[in-house]
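Each ligand, and each atom within it, is numbered from 1 in the order the structure gives.
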Amino acid sequence: MKAVILAGGMGTRLRPITYAMPKPLVPLVSKPMVMHIIDSLPNEVDTVVLAVSYMKEKLEEYFSSHDCGRKIVLVNEDQPLGTGGALKNVSSYLDDTFFAFNGDVLCSLDLNDMLKVHRARGGIGSIALWDVEDPTAFGVVGTTGDDRITVFQEKPKREEAASNSINAGVYIFEPEIFSHIGSGVVSLEREVFPKVLEKGLYAQRFSGYWVDCGTRDNYVKAQRILLERGSALVQGCTIDSSVIKGQNRLIGTQLEGCTVGPYVTTFPGCRIMKGAVVSNSMLMDNVVIEEGAVVKDSLIGPGYVVKRGEKVESNILA
Ligand code: GDD
Ligand code: MG
């Protein structure tokens, strides 16, 4: 079986970090964002097709030097084709039921279960649904009592939203879907889903957690979820009279009389100096937090230096 990961977006909401790397490769706790999806795939998925465009060279480089235990195929779009166009562009690889994912989702959905239910229902597709308080930043789905989707609205106004159930960005499709995707730039959400409702598009609800990691707020939320679920670790660090609070993942970092945590991740080569306070944040490789600086709810790109006494709150710096 095959899985497609839509991985060609420009990651605008994670800029400036995504000026230097595509969103799927932004590290999230223990590995790049996209690897959380790849590692969660059922065993029967032997091939992963990545629909890429923005910074495809970085993705090629990553996958040529990392063995993911599955065949990885990268398919490029010269110009981004939108979510539907990207899917159509990889159709030659897909002649049977397949999974498809937005490349920035982290969730606890049981994919084996979703596949079983999809097969039993026999529709053209299944979409994982998640309930949120404010659905306006997402695809909103209305269903019948038996979870057949009757409405799909991409990013509707609050007063027009059909429900609080949103498209979680995890799908199973039959290849028949391709005959409903036009050529060129096509949005799966705006143009294709509303058109195929009568072909049997079904909802798969689940519990646990779900996050779209494509914004700063949600990224730090995803990080917290993973840290609380067993990814916390302190390894290869020098800890010089520093205070470490709560759950963190600190790797190869020099802690020099600072306060770190909760929910901080650091990557090798970071240095957090005397009197600095870091919480709920991610520091990529070789970041330096100078004396007395405060970093909160933020993502800091590789090699960045937060100057002495500086305060960084709810920000992305690179
Ligand atoms: N190959 C390719 N080409 N991939 C693309 C393109 C493209 O032109 N445009 C977007 N993508 C990829 C992104 O990289 C991302 O992994 C995925 O498609 C979704 O794009 P986002 O830009 O992250 O969309 P969103 O978060 O605003 O909305 C989508 O996700 C929500 C759930 O997180 C929609 O699918 C919503 O309906 C959904 O609720
Ligand atoms: Mg997204």
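- With a heavy-atom cut-off of 4.0 Å, Ala86 touches ligand 1 through its side chain alone.
- A side-chain donor from one of Thr83 and Glu189 sits under 3.5 Å from a side-chain acceptor of the other.
- Every atom of ligand 1 is numbered from 1 in the order shown, and the set under 4.0 Å from a heavy atom of Asp212 is 26 (O), 32 (C), 33 (O).
- Remark: distances from the non-hydrogen atoms of Gly214 to ligand 1 are all 4.0 Å or more.
- Between the OG1 atom of Thr265 and the CG atom of Leu233 there is a distance of 11.5 Å, given to the nearest 0.5 Å.
- The nearest heavy-atom contact from the protein to atom 15 (C) of ligand 1 is Leu6 O, 3.8 Å.
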Begin with the C-alpha distance, continue with both residues' side-chain angles, and end with the deciding distance and a verdict on side chain to side chain donor-acceptor pair (under 3.5 Å) for Ser126 and Arg119. CA-CA 10 Å; Ser126 297; Arg119 287 187 164 138; over 6 Å; no
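- Taking distance alone, with nitrogen or oxygen atoms compared against 3.5 Å, Lys23 approaches ligand 1 more closely than that limit.
- For atom 37 (O) of ligand 1, the closest non-hydrogen atom on the protein side is Glu154 OE1, 2.7 Å.
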Which is it for Asp131 and Asn164 under the side chain to side chain donor-acceptor pair (under 3.5 Å) test, yes or no, and what are the steps along the way? CA-CA 5 Å; Asp131 287 350; Asn164 283 349; over 6 Å; no
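- In this structure, Ile166 has no heavy atom closer than 4.0 Å to ligand 1.
- Inclusion of Ala137 in the set of residues having an N or O under 3.5 Å from an N or O of ligand 1 is not warranted.
- Listed by chain and number, the protein N, O or S atoms at a distance under 2.8 Å from the Mg ion (ligand 2) are Asp104 OD2, Asp212 OD2.
- Scanning Gly103, Gly169, Pro80 for the heavy atom closest to atom 16 (O) of ligand 1 points to Gly103.
- Contact annotation for Tyr171 and ligand 1: only side-chain heavy atoms (C-beta onward) come within less than 4.0 Å of the ligand.
- The contact set between ligand 1 and Gly139, taken as ligand atoms under 4.0 Å from a residue heavy atom, comprises 36 (C), 37 (O), 38 (C), 39 (O).
- Of all protein heavy atoms, the one closest to atom 7 (C) of ligand 1 is Gly82 N, 3.5 Å.
- Heavy atoms only, all atoms of each residue included: Leu14 and Leu299 are closest at CD2-CD1, 4.0 Å.
- If you check which protein heavy atom lies closest to atom 4 (N) of ligand 1, you get Gly8 N, 3.0 Å.
- There is no protein heavy atom less than 4.0 angstrom from atom 20 (O) of ligand 1.
- Distances below 4.0 Å separate heavy atoms of Trp210 from the following atoms of ligand 1: 32 (C), 33 (O).
- Close contacts of ligand 1 with Asp104, meaning ligand atoms under 4.0 Å from a residue heavy atom, involve 16 (O), 23 (O).
- Asp104 has a carboxylate O that lies under 4.0 Å from a charged side-chain N of Lys23, or vice versa, which qualifies the two as a salt bridge.
- Of the polar atoms of Phe152, none of the N or O atoms is found under 3.5 Å from an N or O of ligand 1, judged by distance alone.
- Not a single heavy atom of Phe193 sits less than 4.0 Å from an atom of ligand 1.
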Between His180 and Glu191, is a side chain to side chain donor-acceptor pair (under 3.5 Å) present by the stated rule, with each step listed? CA-CA 9 Å; His180 302 277; Glu191 299 167 69; over 6 Å; no
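- Residue contacts with ligand 1: Phe138 is placed with no nitrogen or oxygen under 3.5 Å of a nitrogen or oxygen of the ligand (distance criterion only).
- In this structure, the protein non-hydrogen atom closest to atom 39 (O) of ligand 1 is Asn167 O, 2.7 Å.
- With Asp110 contributing its side chain and Asp113 its backbone, the two residues share a donor-acceptor pair below 3.5 Å.
- Within a 6.0 Å radius of CD in Glu159, other residues, nucleotides and ligands contribute more than 12 heavy atoms.
- Ion pairing between Arg205 and Asp147 holds under the 4.0 Å rule for side-chain N and carboxylate O.
- Proximity of Lys155 to ligand 1 is established by a heavy-atom distance of less than 4.0 Å.
- Residue contact check: Leu81 has heavy atoms under 4.0 Å from atoms 8 (O) of ligand 1.
- At least one side-chain heavy atom of Gln204 sits under 4.5 Å from a side-chain heavy atom of Arg121.
- Taking the six-membered ring where the residue is Trp, the centroids of Phe193 and Tyr171 are separated by under 6.0 Å.
- Both the backbone and the side chain of Asn102 come within 4.0 Å of ligand 1, judged by heavy-atom distances.
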Thr97 vs Glu174, test: side chain to side chain donor-acceptor pair (under 3.5 Å). Steps then yes/no. CA-CA 5 Å; Thr97 311; Glu174 296 303 318; 3.0 Å; yes
Do Asp39 and Lys31 pass the salt bridge (Lys or Arg N to Asp or Glu O under 4.0 Å) test, and can you show the C-alpha distance, the side-chain angles, and the key distance before you say yes or no? CA-CA 10 Å; Asp39 290 343; Lys31 51 198 172 191; 2.8 Å; yes
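- Contacts between Arg13 and ligand 1 below 4.0 angstrom, taking non-hydrogen atoms only, involve the side chain exclusively.
- Remark: of the listed residues Val260, Thr266, Val278, Val260 is the sole one forming a side-chain contact (heavy atoms from CB on, under 4.5 Å) with Leu255.
- Panel note: side chain Tyr54, backbone Thr18; a donor-acceptor pair is recorded below 3.5 Å.
- Neither the backbone nor the side chain of Ile5 has any atom closer than 4.0 Å to an atom of ligand 1 (non-hydrogen atoms only).
- Looking at atom 13 (C) of ligand 1, its nearest protein heavy atom turns out to be Gly9 N, 3.6 Å.
- Protein heavy atom nearest atom 3 (N) of ligand 1, with residue, atom name and distance: Glu77 OE1, 2.9 Å.
- The contact set between ligand 1 and Glu189, taken as ligand atoms under 4.0 Å from a residue heavy atom, comprises 34 (C), 35 (O), 37 (O).
- Side-chain atoms of Val170 and Cys107, non-hydrogen and from C-beta on, do get closer than 4.5 Å to each other.
- Neither the backbone nor the side chain of Phe101 comes within contact range of ligand 1; no heavy atom lies under 4.0 Å.
- Using a 4.5 Å cut-off on side-chain heavy atoms (C-beta onward), Val295 and Val277 make no contact.
- The distance between the ring centers of Phe178 and Phe98 falls below 6.0 angstrom.
- Proximity of Leu28 to Tyr219: side-chain heavy atoms (C-beta onward) are separated by under 4.5 Å at one or more points.
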